[in-house]
Amino acid sequence: MRRPATPVALAWAATLAGMISIVSALTPEFADRTDLIDGILPPGVPEAARTVALALGLAMIFLSRGLARRKRRAWALAVALVIVSAIAHLAKGLDVEEASIHLLLLVALLRSRRHFVAPGDPATLVPLLQVAVALAVAVPVLLVGLYDTDVYSRRIEVALALLVGALGFRALWLWLRPQGVPPAVGEERARAAELVQAHGRDSLAYFALRRDKSYFFSPSGRSFLAYRVVGGTALVAGDPIGDTAERRELVREFVRVAHAKGWRVAVAGAANEALEDYASLGFKSMYLGDEAVIRPATFSLEGRAIRKVRQSVSRLEKTGYRVEVLSTADADEALRAQVRAVSEEWRGNWPERGFTMAMDALFLYPDTVLAVAVAPDGRVGGFLQLVPSPASEGYSLASMRRRGDTPNGLMEFLITETVAWARQHAVTEVSLNFAVFADFMRSGEDATRATRSLRWLLLKGDRLFQLERLHSFNRKFFPDWRRRYFCFERWADLPLAGLAYLHAESLLTPPGPWVRSHDLAAQ
């Protein structure tokens, strides 16, 4: 069995020491030791030391994750905390056993200091200083109340304790926050765009050009991956783009650099053909969902199975709607204003969603395409935004929006007409929306109990995430289903990496006036 790495072992040791501190602070002291301490220290000091030991025990548990990620700041703070904790245990009841455990941990930390190399985020220094000033004021005030119980009322003491706890948590979070990385600009973006144009075969490739992504290039410059750091997770969007022979070594080097910065690594939207390379590097993979892909050359409205789509198309044609497909660069200002208005109406107070399969602007990328549904009175009723897969002559749907007062079936009409345009222009495929956990949505009564339970949960959350509605909409067009995966380094990383993915896709942001008002509608 492989021994755990030194930082991971120390993280577990710190967690154990923190739990011991919490238990010790919440249980009675030995009477003979308490009498000895009371005879040496001023009144109130042992009780204050007990509170400090409890707080530092919680802090050590919180700190352990930073130690496991090899963060230099976590190591420095851990050294300070174990020293203070050892003193607090001696002061609260002459707890020699607990103090000895902390001193042993201190020795282990000092001997292993070379392993902790991940830098902190320099941008946190100013806000951290502000929190430190607030703590410097609040902590002495709280200690005065603990030392002399007649100074404040019980409610004030509780309020001060909550304030100090909140400030302490804020300070820990700022101190341990991993170093971020700014999105790519200038020459890096130009290099990435060239590689997408030359090697962008995958339907997710073009989405690497979103402005919220950073890039990591191979030494040869023939391939790169796009990523974003969210909560200490370097979230790679899709598979690397470029020379596939470099993919394994590119990811290996990225993982090495990510670990040096204290990041965990995950890949969102990985394709089947890349899983072998990820597995060889130790990554685990989990089914994420299915991408619906229409083949224009074989798509047809004939047959009973697709009659609902055919009826929608017929109804919209009879009411006088038509579809115009044009390059984004060819849209005049009047059309742009109408498209923006549709986008803003459709979104309402919901955040702009998307990371792996959505763009961040409507008119910033001149090689994208708009399919616009025009009503009989000339007003834009809805639109599709499509991005190219340059090396495969395909297109991917980036956004799909409509006004609330348009006839039912407008989106079916838009997609059908867009596929007809694609057939005329020899487009090989049109990739529709990505349906998360589509396999579970398709499951029937013969599925396992676990599958049925998961489907039930997904259906319950459909009001917020619209997973089932999206899958049902895609299924109307009888597409090919392209499986996508979520890859991560270890199972222990999955909860935080999964939250990072949900955050990047803006699936954790509720509707409200605080959501971003820019992005697609503003570009």
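Heavy atoms only: backbone and side chains are in, while hydrogens, waters and symmetry mates are out.
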Item checked: Glu194 side, atom CD; Ile241 side, atom CD1 - distance, nearest 0.5 Å -> 13.5 Å

Next item on the list: For Val82 and Leu105, work out which heavy atoms get closest and say how close.
Entry: CG1-CD2, 3.6 Å

Check: Quick one: does Met286's side chain get under 4.5 Å of Cys487's, heavy atoms only?
Finding: no

Check: Any side-chain heavy atom of Tyr501 sitting closer than 4.5 Å to one from Leu288?
Finding: yes

Next item on the list: Give the minimum heavy-atom separation between Ala234 and Phe254, together with the two atoms involved.
Entry: CB-CZ, 3.8 Å

Notebook entry, point to check: Between atom CZ of Phe207 and atom OG of Ser396, what is the distance when rounded to the nearest 0.5 Å?
Noted result: 5.0 Å

Note to self: Tell me if a side-chain donor or acceptor on Arg228 pairs with a main-chain N or O of Lys213 at a distance below 3.5 Å.
What the structure shows: no

Checklist line | Candidate pair Ile101 and Ile20, rule side-chain contact (heavy atoms from CB on, under 4.5 Å), full reasoning | finding: CA-CA 9 Å; Ile101 290 172; Ile20 290 173; 3.6 Å; yes

Margin query: Please find the pair of heavy atoms, one from Leu362 and one from Ser399, that lie closest to each other, and give the distance.
Written below: CD2-OG, 4.1 Å

Next item on the list: Taking the side chain as every heavy atom from C-beta outward, state whether Arg72 and Arg113 have any pair of such atoms under 4.5 Å apart.
Entry: yes

Notebook entry, point to check: Taking C-beta and beyond as the side chain, do Glu249 and Glu246 meet within less than 4.5 Å on heavy atoms?
Noted result: no

Notebook entry, point to check: Under 4.5 Å between any side-chain heavy atoms of Val387 and Tyr395, yes or no?
Noted result: no

Notebook entry, point to check: Roughly how far apart are Arg111 CZ and Leu106 CG, rounded to 0.5 Å?
Noted result: 12.5 Å

Next item on the list: Answer whether the closest heavy-atom distance between the side chains of Leu235 and Phe486 falls below 4.5 Å.
Entry: yes

Checklist line | Heavy-atom pair of closest approach, residues Ala88 and Val52 | finding: CB-CG1, 4.2 Å

Note to self: If only side-chain N and O atoms count, and only distance matters, is there a donor-acceptor pair under 3.5 Å linking Thr51 with Lys92?
What the structure shows: no

Notebook entry, point to check: Is there a donor-acceptor pair closer than 3.5 Å between any side-chain N or O of Glu291 and the backbone N or O of Arg482?
Noted result: no

Item checked: Ser285 side chain reached by Val267 side chain, heavy atoms, under 4.5 Å -> no

Margin query: Quick one about Thr244 and His199 (side-chain donor to acceptor, distance below 3.5 Å, no hydrogens or angles considered), yes or no?
Written below: no

Next item on the list: Carefully, step by step, assess Glu188 and Arg191 under the rule salt bridge (Lys or Arg N to Asp or Glu O under 4.0 Å).
Entry: CA-CA 5 Å; Glu188 279 194 335; Arg191 289 171 60 195; 5.5 Å; no

Item checked: Worked verdict on Thr356 versus Glu505 for side-chain hydrogen bond (donor to acceptor under 3.5 Å, both in side chains) -> CA-CA 8 Å; Thr356 53; Glu505 296 283 0; 2.8 Å; yes

Check: Any sub-3.5 Å donor-acceptor pair from Tyr215's side-chain atoms to Ala208's backbone N or O?
Finding: yes

Next item on the list: Say whether, by atom type as modelled, one donor and one acceptor occur between the side chain of Asp243 and the main chain of Ser223 under 3.5 angstrom.
Entry: no

Checklist line | Carboxylate-amine/guanidinium contact Arg211 Asp360, below 4.0 Å | finding: yes

Check: Once you round to the nearest 0.5 Å, how far does CZ of Arg70 lie from CG of Leu10?
Finding: 10.5 Å

Next item on the list: Without swapping roles, check the side chain of Trp263 against the backbone of Val229 for a donor-acceptor pair under 3.5 Å.
Entry: no

Would you list the atom pairs, donor with acceptor, under 3.5 Å between side chains in residues 55-68 and any protein atom, with sequence neighbours excluded?
| from | atom 1 | to | atom 2 | distance (Å) |
| --- | --- | --- | --- | --- |
| Ser64 | OG | Thr15 | OG1 | 3.1 |
| Ser64 | OG | Ile61 | O | 2.6 |

Checklist line | Separation between CG of Leu135 and CD of Gln130, rounded to the nearest 0.5 Å | finding: 12.5 Å

Notebook entry, point to check: Between Arg210 and Ala358, is there a donor-acceptor pair closer than 3.5 Å when you use the side chain of the first and the backbone of the second?
Noted result: yes

Margin query: Tell me whether Arg189 contacts the main-chain N or O of Leu209 through its side chain, where contact means a donor paired with an acceptor under 3.5 Å.
Written below: yes

Checklist line | Nearest heavy atoms of Leu204 and Gly238, plus distance in Å | finding: CD1-CA, 4.3 Å

Next item on the list: Could you tell me whether the side chain of Asp239 and the main chain of Ala271 form a donor-acceptor pair under 3.5 Å?
Entry: yes

Item checked: Side-chain donor/acceptor of Glu489 to backbone N/O of Phe283, under 3.5 Å -> no

Item checked: Heavy-atom closest contact (Asp95 atom, Ser24 atom, distance) -> OD2-OG, 3.3 Å

Next item on the list: Quick one: pull up NZ in Lys261 and CZ in Arg256 and give me the separation to the nearest 0.5 Å.
Entry: 10.5 Å

Check: Is any side-chain heavy atom of Tyr206 closer than 4.5 Å to a side-chain heavy atom of Met359?
Finding: yes

Margin query: Test side-chain hydrogen bond (donor to acceptor under 3.5 Å, both in side chains) on Arg248 and Ser280; report intermediate values, then the result.
Written below: CA-CA 8 Å; Arg248 187 174 303 184; Ser280 70; 3.2 Å; yes

Check: Under 6.0 Å from the CD atom of Glu276, do we count more than 12 heavy atoms belonging to anything else shown?
Finding: no

Next item on the list: Show your reasoning for whether side-chain contact (heavy atoms from CB on, under 4.5 Å) applies to Trp75 and His115.
Entry: CA-CA 9 Å; Trp75 175 87; His115 292 284; over 6 Å; no

Item checked: Test log, rule salt bridge (Lys or Arg N to Asp or Glu O under 4.0 Å), inputs Arg484 and Asp202 -> CA-CA 12 Å; Arg484 294 286 178 176; Asp202 189 81; 3.2 Å; yes

Next item on the list: Give the C-alpha distance, both sets of side-chain angles, the deciding distance and a yes or no for side-chain contact (heavy atoms from CB on, under 4.5 Å) between Trp491 and Lys284.
Entry: CA-CA 7 Å; Trp491 286 105; Lys284 319 299 180 189; 3.9 Å; yes

Note to self: With side-chain contact (heavy atoms from CB on, under 4.5 Å) as the criterion, how do Asp212 and Phe355 come out once you've worked through the C-alpha distance, each side chain's angles and the decisive distance to 0.1 Å?
What the structure shows: CA-CA 9 Å; Asp212 59 352; Phe355 174 68; 4.2 Å; yes

Check: Any donor and acceptor pair, going by atom type alone, linking the side chain of Arg73 with main-chain N or O of Pro119 inside 3.5 Å?
Finding: no

